[in-house]
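Here is the structure we will look at, set down as structure tokens.
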There are 2 protein chains.
Amino acid sequence: MFVSTTTNGIDAKGRVSVPADFRATVSGQGFPGIYVWRSFNGPFLEGGGQRLLEDYSDAIEDLDPYDPARTAFERVIFGGAKALSFDSTGRVSLPKEFLDHAGLDKQAVFIGMGKRFEIWDPTAHAEQQVDDLSFARDNKSALRRPSRRRGDEA
Amino acid sequence: MFVSTTTNGIDAKGRVSVPADFRATVSGQGFPGIYVWRSFNGPFLEGGGQRLLEDYSDAIEDLDPYDPARTAFERVIFGGAKALSFDSTGRVSLPKEFLDHAGLDKQAVFIGMGKRFEIWDPTAHAEQQVDDLSFARDNKSALRRPSRRRGDEA
DNA sequence: GGGTTAACTATGGGATAACATGGGAAAGCA
DNA sequence: TGCTTTCCCATGTTATCCCATAGTTAACCC
């Protein structure tokens, strides 16, 4: 599970350390690195480990072959994602198109989202966080009812 | 279940012993430690074990993948939490931002809240307790009827 | 029952390892 | 060849591991 928020520096070569917690989360998933793509919901990146991509693949296979949503997801996620492997110290180097899309410059904010994570520019993130916090405060009742635990469905 | 209230010391390194009862509660949940986050209801911390986070995750997954509410909750809940693992004697070290948010200094009060727990500064807790007591006195009728047990929703 | 042991708890401090980061050298690609 | 990317080593800081102590509770046994 990806949790917590970490800000790391981007060096002159475009390299950034992936938070150690995140590296631990994807370790043992096969590919020693992360998959990252440009979000279609705003100026930030989304990413996860190999298992996440496999989950998306399974979900997409449940859709009709020519469902427009299916081809859109295929193009955006599989076509737009890039496999970034860790170097020996746990860094990845972000392609220029990704830096541009997210407005990244000197620093990158990694936000754990449970099954996946997001990468933001610090300034953009600070603005977004204000909205998210007030939204969560105002709507927390939507989560108030404990959901059924896994295995209790039957 | 997290019950009872315990006050433990915070040492110069920011370490604090998690009450043994609480450690027993989360043992066997997978992650050997606790998840802690800054409450957005006041100057204190909230926390729980891995199972609690999974409950939140399940509740969030009932929403549509790109529902704005869903991403907001994911950012606030998972992004705001931190996984703190126990050392060999059952301590965790609280990040500075957490100490600041809760006004923690020399001591931390762990309060069992059933499925989760709270961490307060002793002074702030004493003040809050006065309010809680009078509120409980005024609203005791609300507790008369037992609530449904988990799994009885249907 | 009284007294002793043994386990566990909370805490302190020093040594050690891990993390994020910078720079240079080698290897790929045009 | 010129440029970019990947690999490898070096560094300072921070966190974490590991030991030791002391007080408390529980267990035990004569």
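What you see is a predicted model, and the numbers here were worked out from it, not measured in a lab. The basis for the numbers below is simple: all heavy atoms, side chains too, and nothing from hydrogens, waters or symmetry mates.
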**OP:** Would you verify whether the NZ or CZ of A:Arg116 falls within 45 degrees of the ring axis of A:Phe110 while also being under 6.0 Å from that six-membered ring's centre?
**Re:**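 Geometry flag: not set, cation outside 6.0 Å or 45°.
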Original post:
Base, sugar-phosphate, or nothing for B:Ser85, non-hydrogen atoms under 4.0 angstrom?
Top reply: nothing
Original post:
For B:Asp11, which contact category applies under a 4.0 Å heavy-atom criterion: base, sugar-phosphate, or nothing?
Top reply: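 B:Asp11: backbone/sugar contact only, no base atoms under 4.0 Å.
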Original post:
B:Asp87 has an atom CG; how far is it from atom P of C:dG14, in whole Å?
Top reply: 17 Å
Original post:
Over how many whole Å does the gap from A:Asn8 atom CG to C:dG22 atom C1' extend?
Top reply: 14 Å
**OP:** Spell out, yes or no, whether A:Val36 and A:Ile77 are grouped together once hydrophobic residues are joined by side-chain heavy atoms under 4.5 Å, including indirect joins.
**Re:** no
Original post:
Is the B:Phe22 ring parallel, tilted or perpendicular to the B:Phe117 ring (thresholds 30°, 60°)?
Top reply: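 Rings of B:Phe22 and B:Phe117: tilted, 30 to 60°.
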**OP:** Over 60° means perpendicular and under 30° means parallel, so classify the ring planes of B:Phe44 and B:Trp120, tilted if in between.
**Re:** parallel
Taking NZ, NE, NH1 and NH2 as the nitrogens, is one of them in [X] or [Y] under 4.0 Å from a carboxylate oxygen of the other?
{"X": "A:Glu97", "Y": "A:Arg38", "value": "no"}
{"X": "A:Asp55", "Y": "A:Arg51", "value": "no"}
{"X": "A:Lys115", "Y": "B:Glu61", "value": "yes"}

**OP:** Scan residues 12-31 of chain A against DNA chain C and write down, sorted by residue number, each residue with any heavy atom closer than 4.0 Å; if none is found, say none.
**Re:** A:Lys13, A:Arg15, A:Ser17, A:Val18, A:Pro19, A:Ala20, A:Arg23
Original post:
Without hydrogens or angle criteria, can the side chains of B:Glu46 and B:Ser39 be said to hold a donor-acceptor pair below 3.5 Å?
Top reply: yes
Original post:
Closer to the 5' end of DNA chain D via nearest nucleotide, is it A:Thr89 or A:Ser93?
Top reply: A:Ser93
Original post:
Just the endpoints, please: which first and last nucleotides of DNA chain D, 5' to 3', lie under 4.0 Å from a heavy atom of chain A?
Top reply: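 Going 5' to 3' along DNA chain D, contacts run D:dT6 to D:dC9.
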